[in-house]
Amino acid sequence: MHVLLLGLSVLLPLALFAWTAWSERRQAMEDAQAAATRTVAVLHEHAARVLETHELVLSEVIRQTEGRDWAEIARDHRLWTYLQRVAADLGRPADILLADAAGQVRMTTARFPAARGDSLAGAEDFAVLRAGAGWSHLGLATAAPGGPRQITLSRRRVDAEGRFDGILRVGLPIGQFTEFWGRFAPSAQHLVTLVRSDGLLFSRWPAEVAQTRLPIDGAFLRNAREQREGSFAGHSPIDGIARISAFAQVRDYPLHLAFSVETAAVLHGWHERVTLLGLYTALAAAALLGMAVMAMRLYREQRRVSGRWRQMVEQLRAESARREQAEAALRRAQTLEAVGQLTAGVAHDFNNLLQAIRSGLYLLSPRVPETSRRVLDASLQAVDRGAKLVRQLMVFARREGLEPRPVDPRALIAGLGELLQKAVGAPVAIETAIAADLWPALVDPTQAELAMLNLAINARDAMPEGGTLTIGARNARLAVPQGGAPAGDYVVLSVTDTGTGMPPEVLERVLEPFFTTKAIGKGTGLGLSMVHGFVTQSGGDLRIESRPGQGTTVSLWLPRAEAPAELPREELAPARPAPAGHGCSLLLVDDDALARLATAAALREMGHEVAEARDGEEALLVLGQRRDLRVLVTDYAMPQMNGAELTLVARRGRPDLAVIMITGYAAGLPGGKPPGVRTLLRKPFRMEELDMAVRVAAGLEAMAG
């Protein structure tokens, strides 16, 4: 019996140590794999957007050269100038080549005219496209001997009879990818690999190697050829380092992207924790052994020492629990920060795209027959909803503040009626339970609508066979603070479903970002987190009541507004362009080519004479040459010189110049409207708003009607 007691005093702490160490190691590996999967998804979207942009460039070049012979193309200086501008708009030096059926380069952005000796006859993409193996090709080349590598995107050109008539190629510098990778994953212990399906290695950053191919039967390509995306762990065939990797195929291109992190880096923190835990275990084992020896001598002493041991174990468990909670909070904070940084960058580009779409729809408006007018109106509503979605993401990521104002809850719910019915579908019946004499709520109405829509969609998903969705509104008063809501008066908006409900373990985690019980591809896990972030920023609280099989009720406690509710803002009706000749001369400055093109065309349609510039330096040159320009319309976020800096420099030489600033910068302008700016419009704006601002600035407001 005494021998068994001595053995257990040593074996039990060792077993506890081994189990704890193994559990933490498994959790660390699973967390690293999940982080790698999220990271590769972001890198995949960037790579896909870059390739799709260059695909559009090739399509435009084909359109520009369609039906023209090579001799005409080779001497067309205007085409070369156009290609130079397109290459510059891509953001980095890009090489655009046009080669005839014999492989001779007839035009290149590197020089004009193209050198006679330049030929693509021996290039891989030329041979593949001439052989008829597809219409496009993705390859690797160097801009010059010994120069940086480029990813080449090539397209096949055919004559009127459908015969091979040469190729068009655009070169993407590898740096266009690695610079983004460096901003997103700057640690040297990370590795990003870009490889073609046949093993051709495009980039292995930051640890570039002389090796040009990866083995087809290696872990990366073997998994990538079997499935579009996934993850794996193993040793690299290049440097033998063990890594955890996640991979994804870039759209439908024969190109695979992998993000890897060294296993040793993942387990570094685990080693430190295990070392500390081992020290505690050794001390505990020594203490247990001593107590066991003393127990064999004196039973009373054993009871006293055993009590101290139980107290020490409880302290150790409490410390371990506190540490796990702190680590979980840190991981959540890092996740939210990464989402915020990524969303702020993407939202700027998204607002520019929405502006280009809105301007284009404006130009189409007078040309669309009445039978198609509903489609045009629906497209404009889609642009508005896209802008609201961008703003909602910015509020969730804490990149943009709310704009609360007194809102009538009845009007807010009534305005959502048709949209809610479309969102939940026919199998779900919608009912309302709205109390009389509702107070106005102090809230951002756009974010409140989006929050209610999010909750309705969640409720619909909880009722796959149909059910009843109840939208409620009532007044409430808190005498003492409860949850995140201080004491005071509140308007409570609620969404109740008759669906499946949630068990307690799911209810505890439902507000965590990225937590979802839906199948892959059916949800992001951000819906309730975004609603919670909106309510918290508004000074209220979110409460959830749910039982399995009995449905769920989500309540938004929104602070009461002391002032009466504002009347709904009227939407501007689409207006037809003003007659030509009734506008003014203005300069439009925007580094986004699509937004600039569409906005300039719409302004010309309204009767204005428009000069264009793609950045601040070019704008100053135009202003120096054109003294007749009365109004400057400039974007804010531009490279080298932003819109505020351009305004100060331009008005220094032209004090009479009226400045209108347009911006898609998601995080808002620092300090509000910059000095010297007459009007500030946020993208996507209506062209009627810009037209009115231009006419007022030029003193033509009387002609706007």
Side-chain angles (χ1 to χ4, degrees), residues 50-51 53-177 194 196 198 200-203 210 212-213 253-255:
V50 171
L51 290 175
T53 300
H54 288 76
E55 284 275 16
L56 291 175
V57 170
L58 284 179
S59 298
E60 180 61 20
V61 174
I62 289 177
R63 190 187 69 79
Q64 292 281 352
T65 59
E66 186 175 8
R68 303 175 64 183
D69 59 44
W70 284 109
E72 180 185 357
I73 292 173
R75 61 175 178 266
D76 189 345
H77 188 270
R78 293 183 63 185
L79 176 60
W80 181 78
T81 303
Y82 170 77
L83 295 181
Q84 284 273 323
R85 185 162 186 157
V86 169
D89 283 342
L90 291 177
R92 287 184 59 88
D95 190 13
I96 302 177
L97 294 175
L98 287 75
D100 60 20
Q104 181 181 353
V105 177
R106 292 305 190 98
M107 178 163 289
T108 173
T109 53
R111 67 181 69 87
F112 184 85
R116 292 187 177 182
D118 289 349
S119 174
L120 298 182
E124 179 191 51
D125 54 350
F126 182 83
V128 170
L129 295 176
R130 181 173 61 181
W135 284 93
S136 62
H137 180 270
L138 198 63
L140 189 65
T142 55
R149 291 181 299 168
Q150 293 184 343
I151 297 177
T152 60
L153 189 59
S154 307
R155 188 78 67 83
R156 190 169 185 257
R157 188 177 190 262
V158 296
D159 58 18
E161 288 75 27
R163 295 172 300 188
F164 176 76
D165 191 31
I167 71 170
L168 294 82
R169 175 202 283 181
V170 59
L172 295 71
I174 292 292
Q176 193 157 359
F177 296 90
L194 193 63
R196 201 167 64 185
D198 62 355
L200 180 62
L201 184 61
F202 284 3
S203 179
T212 60
R213 285 189 173 273
Y253 298 99
L255 193 63

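Scope of the values below: all heavy atoms of this structure, side chains included, with no hydrogens, waters or symmetry mates.
Distance OG/S154 to CD/E124: 9.0 Å, rounded to 0.5 Å. Here the straight-line distance linking atom CG of L58 with atom CZ of R63 works out to 14.0 Å at 0.5 Å rounding. Atom OG1 of T109 and atom CD of Q84 lie 5.5 Å apart (nearest 0.5 Å). Going from atom CD of Q64 over to atom CD1 of I73 covers 10.5 Å, rounded to the nearest 0.5 Å. Distance check, rounded to the nearest 0.5 Å: CH2 of W70 to CZ of R75 gives 13.5 Å. We find the OG-CG distance between S136 and L153 to be 6.5 Å, quoted to the nearest 0.5 Å.
Closest of all the heavy-atom pairs between S119 and A121 is OG-N, 3.1 Å. Summarising the geometry of D165 relative to D159, their closest heavy-atom pair is CB-N, 3.7 Å, with the distance given to 0.1 Å. Shortest non-hydrogen contact noted between R196 and D198 is NH2-OD2, 2.8 Å.
Here the side chains of H137 and R155 are not in contact, with every heavy-atom distance at 4.5 Å or above. Looking only at side-chain heavy atoms (C-beta outward), W135 and V158 come within less than 4.5 Å of each other. In this structure, T108 and L98 have side chains that are not in contact, with every pair of non-hydrogen atoms separated by 4.5 Å or more. Two residues are said to be in side-chain contact when any heavy atoms from C-beta on lie closer than 4.5 Å; L140 and T152 fail this criterion. Side chains of V57 and V86 form a contact here, defined as non-hydrogen atoms less than 4.5 Å apart. Side chains of V105 and L120 form a contact here, defined as non-hydrogen atoms less than 4.5 Å apart. Looking at I167 and R157, their side chains never come closer than 4.5 Å, going by heavy atoms from C-beta outward. For the pair L97/M107, no side-chain contact is recorded, criterion being any heavy-atom separation below 4.5 Å from C-beta on.
Residues D76 and R78 are not paired through a salt bridge, judged by the lack of any N-O separation under 4.0 Å between the basic side chain and the carboxylate.
Judged by distance alone, the side chain of R156 and the main-chain N or O of L129 form a donor-acceptor pair under 3.5 Å. Without hydrogens or angle criteria, R169 side chain to D125 main chain gives no donor-acceptor distance under 3.5 Å. Q150 contributes no side-chain N or O that, together with a main-chain N or O of A141, makes up a donor-acceptor pair within less than 3.5 Å.
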Practice item. Go through the steps for D95 and V170 under the test side-chain contact (heavy atoms from CB on, under 4.5 Å), then give the verdict. Key: CA-CA 6 Å; D95 190 13; V170 59; over 6 Å; no
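Counting only residues at least two apart or in different chains, salt bridge (charged side-chain N to carboxylate O under 4.0 Å, His left out) contacts with residues 114-123 comprise R111-D118. Pairs passing the salt bridge (charged side-chain N to carboxylate O under 4.0 Å, His left out) check and including a residue from residues 79-88, sequence neighbours excluded, do not occur.
Between F112 and W80, the ring-plane angle classifies as tilted under the 30° and 60° cut-offs.
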